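Data block below; observations after.
Since this is a predicted model, take the numbers as computed values, not measurements. Any value given below was found using the heavy atoms of this structure, including those in side chains, with hydrogens, waters and symmetry copies removed. Numbering of ligands and ligand atoms starts at 1, following listing order.
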Amino acid sequence: MDSIISTVDNEHWRQQRQHLIEAFMPLSSLAKIMPVSLARAKECSERLREMAEKGPVDMSNFLLHEAQAQLQLALLGVPEEIMEETNAGIRQTFMLSPDAKIGHLSEAMKGLMKLAREDASVALPSDGCPVRGPLSRALQTGHFASSTDYGNLLLILFAGHDTTGHTMTWLLFELARHPEIQQQVQEEVDHFFASLCGRDPSYQDLSGFDLLDRCITETLRLWPAVANGTFRQLQFGEDLKGVGGQVQLPKGTFVTVTNWCRHRNPELWGADADTFNPWRDFSQQELVRVGCPMAARTPQSARFSPFAHNPRSCLGKNFAQMEMRLILSYILGQFSFSLAPPYDSLKDVELKVAETDSLKFRGINKGGTMGPMDLERGGSVCSGERFQIALKLHVQPRRA
Ligand code: HEM
């Protein structure tokens, strides 16, 4: 059997999932590769300092670059120079950017696949030696068809960076629109680093956040990167209560569980459903925590499923949760963010996204994930207007 992890063949999905999951186990794998993630998070705040000196920064591009960097360096164990060489080209191709070059993605894939297959220094926890590039090692040891390995790496290079990059960008967007919340998150971050007395944080230390956890969870609700949610085919018949009464869905029906409508429904979240409110009454099942025994739990409920529901939930969620806390805590510790023109027109606007077409601002959903619309670069294509993705922010160092 030859299909990738997103297959409709449940048995083949189970085999791949059971094999790949080891690379994403919180304490045995992620805690061990966290030093690589951490070093990159520190380095990225230095990169940001240099960029900020030249004027407003496109934080969407910056964070998408960092998410791709984290994925390649920490999960795949790719050397830094190869990551830098391939990063922008991979992202431009996936984003259908006018800057994308034909052949870049397949060239990059060839190189990354060769590294994953041949690098003898990568290891999973079950190898009994220091964990390094666990996802590359999982590809080496899976004994799946090479088209399966190739397809899974391609899927992960995409699904593993744009979702995480967009989530962090939307979070900064909301903090730039709500400076009072930004200041409280910065105070929590300052307290977090002060409590470490100069040492580096460990994976377990990440359980020390509360408001940052809440801001990430609220961003996953309000700006779900996978806005269309999940497409499924029913294994069993279902009786559902619909708007007009009871509906019978026979086995085999194709269904979509959309995130956007559920995550913004006032009947499920209250009258402030369109407002960024990290203190809302999330249930224990919805609020994401990291570094603690429950870190591997999928945040999910009937009204909330940013990573889809178990068992077919996101494979990379634990990694995303770790890298988002590292990148965000380092950059929020060192910088303040505010909206730069033309995005500053959105500062005091109550963003009911469906109604803001006149402002030409809404999340865009291209290739399945939702990033912020570039207000400066748009264009007409046969199916209507197509916008690139960007979000410009002023980035102000907090300390000299
Ligand atoms: C905030 C970040 C992320 C969000 C919101 C997110 C969201 C999702 C969602 C909603 C699905 C289900 C799609 C479907 O079944 O139709 C999914 C699946 C998946 N995600 Fe993520 N994801 C994130 C980060 C990541 C990362 C970092 C990786 C890899 C490093 C990753 C890899 C995958 C894979 C491989 C699947 C398919 C899993 C399977 O079918 O068993 N994701 N993700």
Side-chain angles (χ1 to χ4, degrees), residues 3-25 29-30 33 37 63-64 66-78 94 112 133-136 138-139 142 148-149 151-171 213 215-233 254-260 262-263 288 290 298-300 304-328 363 365 367-371:
S3 62
I4 66 171
I5 193 164
S6 48
T7 175
V8 291
D9 177 337
N10 274 343
E11 189 41 42
H12 198 226
W13 164 76
R14 206 182 315 277
Q15 288 164 13
Q16 294 176 69
R17 179 90 178 196
Q18 273 176 2
H19 182 70
L20 294 174
I21 196 76
E22 189 185 344
F24 296 91
M25 297 309 281
S29 185
L30 299 185
I33 58 169
S37 262
L63 292 166
L64 288 166
E66 286 312 307
Q68 177 69 218
Q70 288 276 342
L71 178 63
Q72 289 200 27
L73 298 173
L75 265 184
L76 292 166
V78 170
F94 281 135
L112 295 176
L135 191 55
S136 288
L139 292 171
T148 296
D149 290 341
N152 281 333
L153 181 58
L154 191 62
L155 170 70
I156 287 171
L157 281 181
F158 178 58
H161 91 275
D162 68 328
T163 46
T164 320
H166 291 332
T167 304
M168 290 189 286
T169 307
W170 288 121
L171 195 155
D213 289 345
C215 286
I216 290 173
T217 307
E218 177 66 344
T219 306
L220 289 166
R221 178 190 75 82
L222 202 56
W223 299 102
V226 187
N228 280 341
T230 307
F231 304 91
R232 295 285 183 265
Q233 186 173 16
F254 292 103
V255 295
T256 310
V257 183
T258 55
N259 283 333
W260 181 263
R262 282 159 58 245
H263 286 192
V288 180
V290 171
T298 303
Q300 60 174 25
F304 184 62
S305 51
F307 297 102
H309 288 100
N310 288 334
R312 275 303 272 268
S313 61
C314 173
L315 177 71
K317 61 187 181 295
N318 304 338
F319 181 71
Q321 299 289 8
M322 177 180 84
E323 63 172 312
M324 287 197 287
R325 276 156 187 77
L326 288 175
I327 295 172
L328 291 168
N365 203 331
T369 57
M370 185 178 66

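- Taking both residues in full, the closest heavy atoms of Leu64 and Gly165 are given as CD2-CA, 3.9 Å, listed atom of the first, atom of the second, then distance.
- Heavy atoms of Ser313 come nearer than 4.0 angstrom to ligand 1 in at least one pair.
- For ligand 1, the atoms closer than 4.0 angstrom to any heavy atom of Leu75 are 30 (C).
- When hydrogens are left out, the protein atom nearest atom 38 (C) of ligand 1 is Arg17 NH1, 3.5 Å; that is the closest non-hydrogen contact.
- By the 3.5 Å distance cut-off applied to N or O atoms, Thr167 is not counted among the residues near ligand 1.
- With no hydrogens or angles considered, no side-chain donor-acceptor pair links Ser6 and Arg312 at under 3.5 Å.
- Met370 has its side chain out of reach of Val226: every pair of non-hydrogen atoms, C-beta onward, lies at least 4.5 Å apart.
- Looking from atom 40 (O) of ligand 1 to the surrounding protein, the closest heavy atom is Arg312 NE, 3.3 Å.
- Taking 4.5 Å as the limit, some side-chain heavy atom of Gln70 sits within range of a side-chain heavy atom of Ile327.
- Around atom 21 (Fe) of ligand 1, the protein contributes the following N, O or S atoms under 2.8 Å, ordered by chain and number: Cys314 SG.
- A heavy-atom distance below 4.5 Å is not found between the side chains of Leu222 and His263.
- Between His12 and Thr148, the closest side-chain pair of non-hydrogen atoms falls below 4.5 Å.
- Under a 4.0 Å criterion applied to the non-hydrogen atoms of Leu71, ligand 1 contributes the atoms 30 (C).
- Protein heavy atoms are absent from the 4.0 Å sphere centred on atom 13 (C) of ligand 1.
- Residue contact check for ligand 1: Arg232 places a non-hydrogen atom closer than 4.0 Å to it.
- When side chains are defined from C-beta on, His19 does not count as touching Gln15, because their heavy atoms never get closer than 4.5 Å.
- Of the listed options Ala74, Pro224, Pro306, Ser305, Pro306 places a heavy atom closest to atom 5 (C) of ligand 1.
- Using modelled atom types and a 3.5 Å distance limit, the side chains of Gln18 and Arg14 yield no donor-acceptor pair.
- Scored by the salt bridge (Lys or Arg N to Asp or Glu O under 4.0 Å) test, Glu323 finds no partners at all (sequence neighbours excluded).
- Ring pair Phe24/Phe319: centre-to-centre distance not below 6.0 Å.
- When hydrogens are left out, the protein atom nearest atom 37 (C) of ligand 1 is Ile5 CG2, 4.3 Å; that is the closest non-hydrogen contact.
- Checking only distances, Asn259 never comes within under 3.5 Å of ligand 1, N or O to N or O.
- With a 4.5 Å cut-off on side-chain heavy atoms, Pro306 and Arg221 do not count as touching.
- For the pair Thr230 and ligand 1, the shortest N or O to N or O distance does not fall below 3.5 Å.
- Taking the six-membered ring where tryptophan is involved, the planes of Trp170 and Trp223 are essentially parallel, since the angle between them stays under 30° and well short of 60°.
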